[in-house]
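Before I ask anything, let me first share the structure, which is written out below as structure tokens.
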Amino acid sequence: MLKKTSIALLLFIGCQAQAAYQCNVKPQDDIFITPQTVKVAGASGELLIAPNGDVTRNGKALTLSGAARQQAVVYQQNIRGDLPYIDNGVRSRLKTAQGALDGIIVKQLGAESHVRQRLVTLTTELTKEMEKVLEPRPEGLAFHHQAINQVETNGRTVLQNTMGGVLQDSINELGVQQVAKAGKSSNPLQAVLGSLGGLQQQIQDEWKKQEKDFELFGKEACDRVAKLEQERSNLLKALPQ
């Protein structure tokens, strides 16, 4: 019962941090967005694409056909739209999950519960991990494809490290509550377990309300990444050799 409660509590937030990356498409390039250019570097060599469709490959300006230039324009426009969309989607869902859980914790454990701060810390740490993949920069946004696997591993570690503290705080705080009510209960331990069970049920109910949105967002993010990869491949074929 205790383990299930803490796992449900943490995964409610933690799964969202991974939602955008659970995708069979594995990008092979880093991408750097600035107002002046979109740079794609990695398996494609290095491409610099301007908003007007000018393309420089490995330091050499290319002479493009009209069709190739239009492909370059569309590709960089979609990068400028899709990567910030995914970034904002993950961030907003982390905040939404934290807020929903915070409401449950306040109701079950009280406004002074230490679990509330643990949720804030967890969200902050998961956001930092996400930023290793989608890194905000003063001039734009950077996508680091090689960081994805490490971030997934680190995210699980963050969750595991937080789990013990959340569980211990929950037991301690519910125990204090039951001691205060000892005169009304002949079995405080059973009352603590019952309260943990109620906390678990509320978390599971809240998760069910939001799970569909998380899944749809993950699929949409994957579809956008897959489309970008196809556009990159098509553009490379259209560029002069």
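All of these numbers come straight from a predicted model, not from anything done at the bench.
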Tell me, which pairs form a salt bridge (charged side-chain N to carboxylate O under 4.0 Å, His left out) where one or both residues lie in residues 28-53, sequence neighbours left out?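 Listed once each, the pairs are D29-R232.
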
Flag side-chain contact, heavy atom, 4.5 Å: F217 against V90: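 Counting from C-beta outward, F217 and V90 do come under 4.5 Å.
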
Can you tell me how far CG of L47 sits from OG1 of T37, rounded to the nearest 0.5 angstrom?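 The CG atom of L47 is 11.0 Å from OG1 of T37, to the nearest 0.5 Å.
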
With sequence neighbours left out, what residues match N78 under side-chain contact (heavy atoms from CB on, under 4.5 Å)?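 By the side-chain contact (heavy atoms from CB on, under 4.5 Å) rule, N78 matches V74, D82, K227, L228, E231.
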
What residues, two or more places apart in sequence or in another chain, satisfy side-chain contact (heavy atoms from CB on, under 4.5 Å) together with T56?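 If we apply the side-chain contact (heavy atoms from CB on, under 4.5 Å) test to T56, skipping adjacent residues, the hits are L48, A61.
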
side-chain hydrogen bond (donor to acceptor under 3.5 Å, both in side chains) involving Q76 - partner list, sequence neighbours excluded: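 Listed in chain order: R80.
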
Applying salt bridge (charged side-chain N to carboxylate O under 4.0 Å, His left out), which residue pairs with at least one partner in residues 54-64 are found, sequence neighbours left out?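 Sorted result for residues 54-64: D54-R69.
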
Who passes side-chain contact (heavy atoms from CB on, under 4.5 Å) against Q150, sequence neighbours left out?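 Testing Q150 for side-chain contact (heavy atoms from CB on, under 4.5 Å), a comparison that skips the adjacent residues, returns T153, N154.
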
Is there a side-chain contact between P27 and V225 (heavy atoms, below 4.5 Å)?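 With C-beta onward as the side chain, the pair touches.
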
If the condition is side-chain contact (heavy atoms from CB on, under 4.5 Å), which residues does Q146 pass it with, not counting sequence neighbours?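 Once residues adjacent in sequence are excluded, Q146 has no partner under the side-chain contact (heavy atoms from CB on, under 4.5 Å) criterion.
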
Any ion pair linking E131 and R91 (charged N to carboxylate O, less than 4.0 Å)?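 A salt bridge links R91 with E131.
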
Gap between atom CG of L101 and atom CZ of R118 - 0.5 Å precision: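 With rounding to 0.5 Å, CZ (R118) is 15.0 Å from CG (L101).
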
For Q98 and T123, test the side chains for any donor-to-acceptor distance below 3.5 angstrom and give the result as yes or no.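 The answer is yes; a qualifying pair exists.
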
Using residues 234-241 as the side-chain source, report each donor-acceptor pair under 3.5 Å to any protein atom, sequence neighbours left out, with the distance given to one decimal.
residue : atom : partner : partner atom : Å
N234    : OD1  : Q230    : NE2          : 3.0
N234    : ND2  : Q230    : O            : 3.4
Q241    : NE2  : L239    : O            : 3.0

With a 4.5 Å cut-off on side-chain heavy atoms, are L119 and I105 touching?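 Answer yes - side chains close enough.
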
Return each pair, listed once, that meets salt bridge (charged side-chain N to carboxylate O under 4.0 Å, His left out) where at least one residue sits in residues 98-110; pairs must be two or more places apart or across chains.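 As it turns out, the salt bridge (charged side-chain N to carboxylate O under 4.0 Å, His left out) pairs with a partner in residues 98-110, which skip direct neighbours, are D102-R116.
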
Partner residues of K132 under the salt bridge (charged side-chain N to carboxylate O under 4.0 Å, His left out) criterion, sequence neighbours left out: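 Checked K132 against salt bridge (charged side-chain N to carboxylate O under 4.0 Å, His left out); matches are E129.
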
Which atoms form the tightest heavy-atom contact between P51 and P35, and what is the distance?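 Reported closest heavy-atom pair: CG-O, 3.9 Å.
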
Do V73 and V40 land in one hydrophobic cluster if side-chain heavy atoms of ILVMFWY residues count as linked below 4.5 Å?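 Result: no, two separate clusters.
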
Do T124 side-chain atoms and V120 backbone N/O form a donor-acceptor pair below 3.5 Å?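 Looks like yes, one N/O pair under 3.5 Å.
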
Closest non-hydrogen atom pair, L141 against P84: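 Minimum heavy-atom separation between L141 and P84: CD2-N, 3.8 Å.
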
Judged by atom type as modelled, is there a donor-acceptor pair below 3.5 Å linking the side chain of S92 to the main-chain atoms of G89?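 Indeed, once roles are kept as given, a pair shorter than 3.5 Å links the two residues.
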
Without hydrogens or angle criteria, can the side chains of H144 and E135 be said to hold a donor-acceptor pair below 3.5 Å?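 E135 and H144 do have a side-chain donor-acceptor pair below 3.5 Å.
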
Check whether F32 forms a cation-pi arrangement with R137 (NZ or CZ under 6.0 Å from the six-membered ring centre, at most 45° off the ring normal).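 Pair R137/F32 does not count as cation-pi.
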
